[in-house]
Novice: 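The structure follows.
Counting from 1, the numbers follow the sequence of the chain as shown. Treat the numbers as computed from the prediction; the structure is a model and nothing was measured. These values consider heavy atoms only, across backbone and side chains, with no hydrogens, waters or symmetry-generated copies.
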Amino acid sequence: MKTVIERYNKAKAEHGQLLNPASEVKFWQREAATLRQQLQYLQECHRQLMGQELSGLNVKDLQNLENQLEMSLKGVRTKKDQILTDEIKELNQKGNLIHQENIELYKKAELIRNENRELQRKAYEANDGNEVNTSSSLAYTIGNGLQLSPPQQSRPQNDERPADAMRLGLQLLTVPDGSPSKIP
């Protein structure tokens with residue numbers, strides 16, 4: 001396209017204002033014919049690159065076409081590899097950030113877990129002295145005479161509450177005959 005514009009500017013500069021309409025028409029006809037030839041050549045090259053209309057080519061032309069295709073394919077593969085490498089780097093960076101965030105969250109959760117253990121230990125120590133008073137005052141009656149009271153507070157050896165006591169929080173008091181007991 002640049003060559004067409006350059007030729008046009010050159011021809012216009014040479015002829016300047018002296019061009020008559022007939023010579024200008026001839027100039028444009030020559031330009032149109034040149035552009036048609038270029039278009040046909042490009043279409044033919046495109047068809048050959050796509051593997052069509054190869055019967056008119058000799059061995060040398062076919063080898064040149066093959067080399068051209070190999071070079072193009074190598075360029076495409078290089079570009080694809082570069083894009084994949086960039087994506088892998090980006091995903092690795094994101095993975096590292098997520099891993100660091102996971103470590104920080106784990107540390108926070110562990111800190112909270114330790115604080116809870118310390119609070120539970122202090123609560124058990126505070127309740128050891130007044131166990132009798134709290135167990136009788138925290139009894140609850142539910143519905144049809146069923147009574148619940150806090151769990152027996154025996155201090156575990158590893159300073160952690162039993163799993164059922166943590167989950168349930170209350171235990172059912174029963175008398176030897178199997179019926180729920182009532183605390184006055």
Side-chain angles (χ1 to χ4, degrees), residues 1-2 5 39 42-54 62-184:
M1 191 67 174
K2 284 184 179 181
I5 293 172
L39 178 63
L42 291 174
Q43 287 174 339
E44 181 181 333
C45 287
H46 180 262
R47 284 190 295 271
Q48 289 174 350
L49 289 173
M50 297 304 289
Q52 302 169 354
E53 298 181 18
L54 299 176
L62 288 172
Q63 286 176 340
N64 288 337
L65 183 62
E66 182 180 19
N67 290 337
Q68 185 180 358
L69 287 172
E70 285 179 6
M71 293 298 289
S72 297
L73 186 58
K74 186 183 248 185
V76 169
R77 286 182 179 151
T78 303
K79 181 67 176 178
K80 182 187 89 170
D81 288 344
Q82 181 63 40
I83 290 171
L84 289 176
T85 302
D86 292 344
E87 286 181 13
I88 288 170
K89 285 179 184 177
E90 183 180 332
L91 290 173
N92 282 336
Q93 289 174 349
K94 286 181 182 179
N96 288 337
L97 289 175
I98 289 171
H99 180 69
Q100 290 299 323
E101 186 178 335
N102 189 23
I103 290 172
E104 290 173 17
L105 289 174
Y106 179 78
K107 287 178 182 178
K108 287 179 183 178
E110 190 63 31
L111 180 65
I112 291 171
R113 214 175 282 122
N114 290 337
E115 288 174 359
N116 283 343
R117 284 185 192 133
E118 184 64 25
L119 288 173
Q120 289 171 0
R121 185 185 60 77
K122 287 179 182 179
Y124 276 120
E125 286 174 359
N127 287 334
D128 279 346
N130 58 2
E131 182 178 331
V132 176
N133 292 340
T134 48
S135 65
S136 63
S137 65
L138 293 176
Y140 298 100
T141 304
I142 299 176
N144 47 1
L146 187 63
Q147 278 194 330
L148 298 174
S149 70
Q152 299 299 319
Q153 295 184 353
S154 60
R155 191 166 161 193
Q157 292 181 4
N158 61 357
D159 276 352
E160 289 187 25
R161 291 194 295 177
D164 335 16
M166 281 180 67
R167 269 187 267 121
L168 300 176
L170 298 176
Q171 292 180 342
L172 178 63
L173 290 177
T174 57
V175 289
D177 67 349
S179 64
S181 69
K182 294 185 181 180
I183 297 177

Novice: Taking it one step at a time, do Glu104 and Lys108 satisfy salt bridge (Lys or Arg N to Asp or Glu O under 4.0 Å)?
Specialist: CA-CA 6 Å; Glu104 290 173 17; Lys108 287 179 183 178; 5.6 Å; no
Novice: Apply the test salt bridge (Lys or Arg N to Asp or Glu O under 4.0 Å) to residues Glu70 and Lys74: give CA-CA distance (whole Å), side-chain angles for both, the deciding distance (0.1 Å), then the verdict.
Specialist: CA-CA 6 Å; Glu70 285 179 6; Lys74 186 183 248 185; over 6 Å; no
Novice: Could you check whether any side-chain heavy atom of His46 comes within less than 4.5 Å of a side-chain heavy atom of Leu42, counting everything from C-beta outward?
Specialist: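 No, side chains not in contact.
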Novice: Within this structure, what is the CZ-CD1 distance for the pair Arg117 and Ile112, rounded to the nearest 0.5 Å?
Specialist: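 Taking CZ in Arg117 and CD1 in Ile112, the distance rounds to 12.5 Å.
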Novice: For the NZ atom of Lys107 and the CG atom of Leu111, what is their distance to the nearest 0.5 Å?
Specialist: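 CG of Leu111 is found 11.5 Å from NZ of Lys107.
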Novice: Would you check, one step at a time, whether the test side chain to side chain contact (heavy atoms under 4.5 Å, CB included) holds for Val76 with Lys79?
Specialist: CA-CA 5 Å; Val76 169; Lys79 181 67 176 178; 5.8 Å; no
Novice: Taking C-beta and beyond as the side chain, do Arg113 and Asn116 meet within less than 4.5 Å on heavy atoms?
Specialist: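 Side chain of Arg113 against side chain of Asn116, heavy atoms only: no contact under 4.5 Å found.
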Novice: State the CD-CD distance between Glu115 and Glu118, to the nearest 0.5 angstrom.
Specialist: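 One gets 9.5 Å once the value is rounded to the nearest 0.5 Å.
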Novice: For the atom pair CG (Asn127) and NZ (Lys122), what is the distance rounded to the nearest 0.5 Å?
Specialist: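 Asn127 atom CG to Lys122 atom NZ measures 14.0 Å (nearest 0.5 Å).
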Novice: I'd like to check the side chain to side chain contact (heavy atoms under 4.5 Å, CB included) partners of Leu69; sequence neighbours left out, ordered by chain and number.
Specialist: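 Here the qualifying residues are Leu49, Leu65.
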Novice: What distance separates Cys45 SG from Gln68 CD, expressed to the nearest 0.5 Å?
Specialist: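 One finds 7.5 Å between SG of Cys45 and CD of Gln68.
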Novice: Start with the C-alpha gap between Gln82 and Asp86, add the side-chain angles, then the distance that decides, and say whether side-chain hydrogen bond (donor to acceptor under 3.5 Å, both in side chains) holds.
Specialist: CA-CA 6 Å; Gln82 181 63 40; Asp86 292 344; 3.0 Å; yes
Novice: Do Asn96 and Gln100 have a side chain donor and acceptor closer than 3.5 Å?
Specialist: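 No - no donor-acceptor pair under 3.5 Å links their side chains.
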Novice: Would the distance check show the side chain of Asn102 and the main-chain N or O of Ile98 forming a donor-acceptor pair, the cut-off being under 3.5 Å?
Specialist: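 Such a contact is absent between Asn102 side chain and Ile98 backbone.
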Novice: Quick one: pull up CD in Glu44 and CD in Gln52 and give me the separation to the nearest 0.5 Å.
Specialist: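 It is 12.0 Å, given to the nearest 0.5 Å.
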Novice: In this structure, are over 12 heavy atoms from other groups packed under 6.0 Å from Glu110 atom CD?
Specialist: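 Buried by this count: over 12 neighbours within 6.0 Å.
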